Amino acid sequence: MLNRLFQGLIRRGLVQQLATRMSTAPANVKEGILLGLGNPLLDITVVSDAKVLKKYELEANNAILAEEKHDPLFTELMQEEFKPQYIAGGATQNSIRVAQWLLQKKYATSFIGCVGNDKAAQILKEKANDVGVKVCYMVHPEKMTGLCGAVITGEDRSLVTKLGAARSICHSFLETETPQKLVEAAQVFYVGGFVLTNSTAAVTKLGQHAAENDKLFVMNLSAPFLIDYFVDPELKLMNYIDILVGNEVEAVTFADKMNFGTKDVKEIAAKTAALPKQNSKRRRTIIFTAGHDPTIVWHEGNIIEWPINKVNPSDIKDTNGCGDSFIGGFLSQLVQGKSIHECLKCGNYAAQTVIQHFGCTYPDHPDF
């Protein structure tokens, strides 16, 4: 009976389709194909009441950088009574995790950053490895691992971030044996702009390697205050960038700094794409997101206005990881050599999925 059933399926070509769907890991993705460089943070999420907020002078729906008075908060949140949930966080590491989730192949992605020599670093590494990301952390002997505490009270989320060792990555670390192997294996690099405040040398080192070896170098503007690094004529960072990502505010800030003479995001994208580039084999792609409005993309000499899939407001739980997840989805298809449209489509899927969860989290298995 079963044999006759499968023979019928074969005649209709359905067995191959079923096998393809069941094999979620893409065959053309090699271990370590995507490498991220950024500021790793251990995200600590707890559900509590207003007493904790009052104790540490926090607001129910806010995000701040930690002051000295907040230091005991992190130790308290990690106590068992709070039942803390841990995530390997930080903007760039979030994007790498989302890409890893979509690729569904262990160690398809890797990440380099700096942590302290403490319990938080051990948890951070375990959580990254648990989801299939191979991490290589430089260990700072004196500073504590970067932390982000999230205190959820009802529907509100109060975030407190202490960067700690995350801001201490050194370019010489990339020249040591294990990081060097990860760099050599990677075909696509993703770097968030925040790491530029730590080590421009580490970023330009990766960019130079990518340009010389015809690999893809992707960067995120990340915040308006970081734009000075991208327009610095001595740093020449734009020379290395194959794909530049940012939002419309960052785009306008970039245009002002570059004296483009326009605030039109489409024109800014075109002018940015035309800037000098070391690896002339690849034309630069520009991606400027605009919240609910269409994403503006300059690719292969053409403008694409990519619509956003809107989510029912009642289903939205947390928008903090939306941008990180969009990039993660985009990168997951980029490393497979998919079209720009497929990359953008997956970026939208990842973003709309993650904002329906607290923190930059997602279901066990994607259905993209």
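It should be emphasised that the depicted structure is a prediction, and the values quoted were computed from it without experimental measurement. For this chain, numbers begin at 1 and follow the sequence in order.
The main-chain N or O of Ala166 is found under 3.5 Å from a side-chain atom of Asn198 such that the two form a donor-acceptor pair. Side-chain atoms of Ser158 never come within 3.5 Å of backbone atoms of Asn61 as a donor-acceptor pair (strictly under, hydrogens ignored). Judged purely by atom type and a 3.5 angstrom limit, Arg97 uses its side chain to pair as donor or acceptor with the backbone of Ala88. A distance-only check finds a donor-acceptor pair linking the side chain of His70 to the backbone of Tyr56 [under 3.5 Å]. In this structure, the side chain of Gln333 does not engage the main chain of Phe330 through any donor-acceptor pair within 3.5 Å. A donor-acceptor contact shorter than 3.5 Å links the side chain of Gln100 to the backbone of Thr109. At distances below 3.5 Å, at least one donor-acceptor pair connects side-chain atoms of Ser95 with backbone N or O atoms of Asp324. The backbone N or O of Ser332 lies less than 3.5 Å from a partner atom in the side chain of Gln336, making a donor-acceptor pair. Under the 3.5 Å distance criterion, the side-chain polar atoms of Thr262 are matched with a main-chain donor or acceptor of Asp264. A donor-acceptor pair under 3.5 Å is absent between the side-chain atoms of Ser222 and the main chain of Gly192, judged by distance alone.
Nearest approach of Leu34 to Ala99, heavy atoms of both residues: CD2-CB, 3.7 Å. The minimum heavy-atom distance linking Ala121 with Val115 is given by the pair CB-CG2, 3.8 Å. Residues Ala120 and Thr145 share a closest heavy-atom pair of CB-CB, 3.9 Å. The minimum heavy-atom distance linking Lys310 with His292 is given by the pair CE-O, 4.2 Å. Shortest non-hydrogen contact noted between Ile112 and Phe173 is CG2-CE2, 4.0 Å. Nearest heavy-atom pair, Ser110 versus Ile96, reported as atom, atom and distance to 0.1 Å: O-CG2, 3.9 Å.
Around NZ of Lys51, the count of heavy atoms belonging to other residues, nucleotides or ligands within 6.0 Å does not exceed 12. At most 12 non-hydrogen atoms from other residues, nucleotides or ligands lie less than 6.0 angstrom from CG of Asn117. Within a 6.0 Å radius of NZ in Lys266, no more than 12 heavy atoms belonging to other residues, nucleotides or ligands are found. Applying the 6.0 Å contact sphere to CD of Glu68 captures no more than 12 heavy atoms from other residues, nucleotides or ligands.
With 3.5 Å as the limit, one finds no donor-acceptor pair spanning the side chains of Asn247 and Thr289. No hydrogens or angles considered: nothing links the side chains of Asn129 and Glu126 as a donor-acceptor pair under 3.5 Å.
For the pair Lys105 and Glu31, the salt-bridge criterion is not met [side-chain N within less than 4.0 Å of a carboxylate O]. Salt-bridge check for Asp256 with Lys263: passed, with a basic side-chain N closer than 4.0 Å to an acidic carboxylate O.
Taking CD1 from Ile268 and CH2 from Trp298, the interatomic distance works out to 13.0 Å, rounded to the nearest 0.5 Å. Annotation: the span from Ile241 atom CD1 to Thr272 atom OG1 amounts to 10.0 Å, rounded to 0.5 Å. Rounding to the nearest 0.5 Å places CD1 of Ile327 at 10.0 Å from SG of Cys322. Of the inter-residue distances, the one linking Ile303 atom CD1 with Glu267 atom CD reads 9.5 Å to the nearest 0.5 angstrom. If you take CZ on Arg157 and CG on Asn62, they are separated by 12.5 Å, rounding to the nearest 0.5 Å. Considering CD of Gln208 and CD of Gln278, their distance stands at 4.5 Å, rounded to 0.5 Å.
For the side-chain contact (heavy atoms from CB on, under 4.5 Å) test with Tyr86, the passing option among Asp130, Thr45, Leu124, Ile44 is Ile44; the others fail. Considering Arg284, Lys215, Lys277 as possible partners of Asp242, the one that fulfils the salt bridge (charged side-chain N to carboxylate O under 4.0 Å, His left out) test is Lys277.
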Test side chain to side chain contact (heavy atoms under 4.5 Å, CB included) on Ile296 and Glu305; report intermediate values, then the result. CA-CA 5 Å; Ile296 301 302; Glu305 294 187 65; 3.8 Å; yes

Check step by step if side chain to side chain contact (heavy atoms under 4.5 Å, CB included) holds for Val191 and Thr92. CA-CA 7 Å; Val191 182; Thr92 303; over 6 Å; no

Applying side chain to side chain donor-acceptor pair (under 3.5 Å), run through His171 and Ser199 and close with a yes or a no. CA-CA 7 Å; His171 75 280; Ser199 176; 4.7 Å; no

Given the rule in the side chain to side chain contact (heavy atoms under 4.5 Å, CB included) test, do Leu147 and Leu41 qualify, once you have shown the distances and angles that lead to the verdict? CA-CA 5 Å; Leu147 303 169; Leu41 302 175; over 6 Å; no

As a quick check of understanding, evaluate side chain to side chain contact (heavy atoms under 4.5 Å, CB included) for Leu334 and Val188, giving each step before the final call. CA-CA 8 Å; Leu334 182 70; Val188 178; 4.0 Å; yes

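The hydrophobic clustering, which links ILVMFWY residues whose side-chain heavy atoms are closer than 4.5 Å, places Leu331 and Leu35 apart. The hydrophobic cluster containing Tyr107 does not contain Phe111, counting ILVMFWY residues as joined when their side-chain heavy atoms lie under 4.5 angstrom apart, directly or transitively. Linking ILVMFWY residues whenever their side-chain heavy atoms come closer than 4.5 Å, directly or via other members, places Val131 and Tyr190 in the same cluster. No continuous path of ILVMFWY side-chain contacts below 4.5 Å connects Met144 to Leu163, so the two sit in separate hydrophobic clusters. At a threshold of 4.5 Å between side-chain heavy atoms, the hydrophobic network of Ile, Leu, Val, Met, Phe, Trp and Tyr places Ile169 and Val135 in two separate groups.
Proximity of the aromatic rings of His365 and Trp101 is defined here by a centroid distance below 6.0 angstrom, and this criterion is not met. In summary, the aromatic rings of Phe217 and His209 are positioned with their centroids too far apart to meet the 6.0 Å limit.
Taking the six-membered ring for Trp and thresholds of 30 and 60 degrees, Phe368 and Tyr349 have ring planes inclined between 30 and 60 degrees apart.
No side-chain heavy atom of Phe288 sits less than 4.5 Å from a side-chain heavy atom of Thr295.
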